[in-house]
Student: 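Before anything else, here's the structure in question.
By convention in this document, chain letters (A, B, ...) are assigned in the order of the sequence lines, proteins followed by strands, and residues within each chain are numbered from 1.
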Number of protein chains: 2
Amino acid sequence: MSTIKDIARETGLGLATISSYLNGGNVRPQNKILIQEAIEKLDYQRNDIARSLKTAKTNTIGVIIPQIDDAYFSKVVATISSSLYEHAYSMLVVDFGLDIKREKQAVEFLCSKQVSGIIDMPSNLTTRHLDRAMNQKVPIVLFDRAMPGKDLPVVKSDNFLAIDLAVDHLVRNGHRHIGFISGNQKIETAREREAAYYKALAKRGIKKKTSYVHRCDYVQQDSAAESAHKIIESNPEITALIASNMITMMGALQAFNEMDLRIPGEMSFVGFDDVRFAKAYNPQLTIIEQPIETIARQSVEILLREIEHKEKQEDLIKIYEPRLVEGKSVRKL
Amino acid sequence: MSTIKDIARETGLGLATISSYLNGGNVRPQNKILIQEAIEKLDYQRNDIARSLKTAKTNTIGVIIPQIDDAYFSKVVATISSSLYEHAYSMLVVDFGLDIKREKQAVEFLCSKQVSGIIDMPSNLTTRHLDRAMNQKVPIVLFDRAMPGKDLPVVKSDNFLAIDLAVDHLVRNGHRHIGFISGNQKIETAREREAAYYKALAKRGIKKKTSYVHRCDYVQQDSAAESAHKIIESNPEITALIASNMITMMGALQAFNEMDLRIPGEMSFVGFDDVRFAKAYNPQLTIIEQPIETIARQSVEILLREIEHKEKQEDLIKIYEPRLVEGKSVRKL
DNA sequence: TTGAAAGCGCTAACAG
DNA sequence: CTGTTAGCGCTTTCAA
C-alpha cells in the first residue's frame, strides 16, 4: 500500500504538493502530470482514515434502525443511502432489533466511529440513548419520531391524516364497525396512529369500542396476525379492518388466510405502505402510502445542512402528507 | 471531546497506562479506579479513527449490494449486520443500483475507507471491479456468485436444485406447459436458474419452448410483470408459471391481477424466497425458499476467519440447499 | 507554487 | 506495572 510519501519520493516533490494536488489545489501543470503518473504507477489510493483523523471529519452518517429486514425500513435505508451517495457521504448502519440497550450502544458505537451525524428511528420514549451524541455535538435527525423539548429536528409523516384517510374511506363506503391493529405504545408511530383512529371515529360520530383495537408488537408478522384473529373473533360484527403499518398489514392478511376470510366480500381492508405489494395482491389492496422517499431525502438534507453549515435549526419539524391509494379491498356496504 | 491525554493529565498517569487500561491490560487496581473516575468525569470516549490509523484495522466490513430495497437483499443485509454485530464488527453498506460503474466505485470507496473486508454481490460477469481490493489484499467473499479461476470464496445456494424442485413439483401435479420468468443474464443467479429450468425439463422428457421463457431486468417489478404478460399471452396453453426470484414473483402476481387470472384455478404458480409474503398471500403460495440466513451468516464467518487468522482458503465454495414450501398455488391437473 | 515541520489521538515498543 | 517516545498517513500553517 503506497502513501503520499511514496509518491513524493517518486516525483521528487514535497508532501504538501501532493496533498494539494489530491485536493484540487494549485499545482504546476507539469507537476500534475508527474504526480498523476506516479499515482498510477504506484497504484496509490488515499487513506481516508488518516485524512479523517487530521480533518476531524469522516463524512459518514450513522443510521440507527429497528430492523432493516422490513419493507418500510429497507426502503427508508435505501433512499437515505442513495441520497447520501449523491452528497459523497457514506452510511454506517446499525440495527438494534428494538432492544433499548442496543439502541444506546449503537449511539455510543457510532460516536466512537466519529460519524459526522446520526439519523435515528427511536423505538422508545426518551432520548436518553442519544445523550452521548448530544454531548459530543454530533448532529442528529429524528425519523418518524418527535422528542418534545429536546430541540432535535424531526422528519415524519402525518399519522393523524394517514388514519383519518383510512377511516374516512371506510365510513364513506358505509362501514361503522371498524377494527384497528395497533402496536407497542412505546413507538410513537403506533401511539399516534391509535389516537388518530379514536379521533377519526369521534369526528364522525362513531362510538369507539376498545375491543376493536388490539396492540401487537409492531414488528413480527405473527404477532400482528394474532391481533387480527383476536379482534375479528371477539367482534364478529366487524366489517372492516385497518392495519396501521406494513407489518400489521402482512399479519392481517395472513390471519385472513388462516380464517379463510375473503376480501372484500367478508371483510374490507385498508393496509399500509407497500405499494408494490398492494399491486401484487389479489384483490389489489387499498392502502395508505407514506411519502417514504421524500421523508428519507429530507432527513438527509436537514442533517447535511446542519453538518456543513453548522446552522442549527431550532424546533424544526417537517411533517409530510400520506395519501390513500385505492385498490379493491374495500366493499361498499 | 476529551482524549487520553486529558485523562492522563487528570490522573497523573502516563499515556500507556491509560491505553493499557482501555485495552484490558494489566493496571494496578487503585489506578483502574482513578482512570475510570476520570473517564466518567471527562466523559471520555475512544476515538476509533485514531485507533484504526495506528493499528491499521477498522473492524468494518463493506457490503456491496445491488439494492437494499428488495425483500431478498434486505434480509441478507439484516442477517449480515446482526452477525457482524456479534463479532464486534460494523458494516458500511453501499448499494449501486446495478450500475457497473458504481459497483467499481463502491469497491474503491470502501478501500479508501480501509475496510477490513468486503462482501460483494456482483451484478456482472467479471471481477474487474474488485481489482483494487484484490491488489490491496482486502479479503473478499462473493455472495450468490462464483468467479471461476479467481480464487475468491463463494457462498451461494444451489440454483439448479431450486428450479428442479419447482419443476418437479409442477410436473408431479401434471403440468407440462410451464412458463419461466428469467432475468438479465449478466446476473449469475438468473443465468443458472434459466439453465436449470431447461435442464429440469429435459430430464423429464419435456420439450423446451423458448417462448415459454422471458427475461426481465430482474430488478423491477413492472419489468417482471411485463415478462409474465408476454409469456402467458403468447402461449395460452401454459398451465403453470415459475418465478425465479423475489421480484419476478411480485411481478408475476401483479400481472395475474392485471389479467384477472385466478391462482391456482386458471394458472398454477411457484414463487421465490419470501415466506412471510407467501403466507400472507391468498391463496398461500408455493415457493422455493433459500436458506438466506445460513448463507449470510456463513459469508460473515468465512470473511472474518480470513481476516483474523489470515487463513486464505483455497477454492472455497459453499452451496446451500433451498427447499420447496408448499402452499396452495399449484393445482393438480 | 512548493517544502519543511507540526500534529490529529492513538498504540506499541522499550526502558525502567 | 508504568512512563517515554516514535510514528500510523494525512493536512495545514508557515516560509521560502
Student: Return the set of residues passing side-chain hydrogen bond (donor to acceptor under 3.5 Å, both in side chains) with B/T79 (not counting sequence neighbours), or none when no residue passes.
Tutor: none
Student: Applying the side-chain hydrogen bond (donor to acceptor under 3.5 Å, both in side chains) test to B/K156, which of B/E188, B/Q298, B/Q290 qualifies?
Tutor: B/E188
Student: To the nearest Å, give me how far apart CZ (B/R51) and C1' (C/dC8) are.
Tutor: 17 Å
Student: Using five pairs at each end of the helix from C/dT1-D/dA16 to C/dG16-D/dC1 to define an axis, what is the angle between those two axes, to 10°?
Tutor: 30°
Student: Decide yes or no for B/V141 and B/D120: does some side-chain heavy atom of the first lie under 4.5 Å from some side-chain heavy atom of the second?
Tutor: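 A side-chain contact is absent here, since even the closest heavy-atom pair is not under 4.5 Å.
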Student: Nearest whole Å is fine: how far is D/dG3 P from B/I18 CD1?
Tutor: 8 Å
Student: Given atom NZ of A/K57 and atom P of D/dT11, what is their separation to the nearest angstrom?
Tutor: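 One finds 11 Å between P of D/dT11 and NZ of A/K57, rounded.
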Student: Identify, residue by residue, the members of residues 28-50 of chain B with a heavy atom below 4.0 Å from DNA chain D, and return them in order of residue number, or none.
Tutor: B/R28, B/N31
Student: Could I get the full list of side-chain contact (heavy atoms from CB on, under 4.5 Å) partners for B/N59, not counting sequence neighbours?
Tutor: B/K57, B/Y89, B/S116
Student: Taking 4.0 angstrom as the limit, do A/D43 and B/R132 come out as a salt bridge?
Tutor: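 Judged by the 4.0 Å cut-off on N to carboxylate O distance, A/D43 and B/R132 do form a salt bridge.
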Student: My understanding is that only residues two or more places apart in sequence, or in another chain, count here; which of them pass side-chain contact (heavy atoms from CB on, under 4.5 Å) with A/S20?
Tutor: A/V27
Student: With sequence neighbours left out, write down each residue that passes side-chain hydrogen bond (donor to acceptor under 3.5 Å, both in side chains) with A/D70, or none if nothing qualifies.
Tutor: none
Student: Are any protein N/O atoms closer than 3.5 Å to N/O atoms in nucleotides 12-16 of chain C? If there are, list each pair with its distance.
Tutor:
none

Student: When you measure from every atom of DNA chain C, which of residues 3-14 of chain B have a heavy atom less than 4.0 Å away?
Tutor: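 Only B/T3, B/I4, B/K5 qualify.
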Student: Identify, with sequence neighbours excluded, every residue that meets side-chain contact (heavy atoms from CB on, under 4.5 Å) alongside B/A71.
Tutor: B/M246, B/D274
Student: In whole angstrom, what separates A/K113's NZ from C/dC10's C1'?
Tutor: 14 Å
Student: CE of A/M1 versus P of D/dG9: gap in Å, rounded?
Tutor: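 The distance from CE of A/M1 to P of D/dG9 comes to 8 Å, rounded to the nearest Å.
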Student: Between B/R128 and B/D131, is there a side-chain N and carboxylate O pair less than 4.0 Å apart?
Tutor: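 Salt bridge absent between B/R128 and B/D131.
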Student: Take atom OH of B/Y21 and atom C1' of C/dC10, then tell me their distance rounded to the nearest Å.
Tutor: 17 Å
Student: Grab the CG-P distance between A/L22 and D/dT11 for me, whole Å please.
Tutor: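 Roughly 6 Å, once rounded to whole Å.
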Student: So, using side-chain contact (heavy atoms from CB on, under 4.5 Å) as the criterion, who are the partners of B/P139 when residues are at least two apart?
Tutor: B/L303, B/E306, B/I307
Student: Would you mind writing out the side-chain donor-acceptor pairs for residues 28-36 of chain A within the sub-3.5 Å range, not counting sequence neighbours?
Tutor:
| unit_1 | atom_1 | unit_2 | atom_2 | d |
| --- | --- | --- | --- | --- |
| A/Q36 | OE1 | A/Y21 | OH | 2.3 |
| A/Q36 | NE2 | A/E40 | OE2 | 2.9 |

Student: Any salt bridge between A/R297 and A/E86, counting N to O under 4.0 Å?
Tutor: yes
Student: Using the test side-chain hydrogen bond (donor to acceptor under 3.5 Å, both in side chains), find all partners of A/R102 that sit at least two apart in sequence or belong to another chain.
Tutor: none
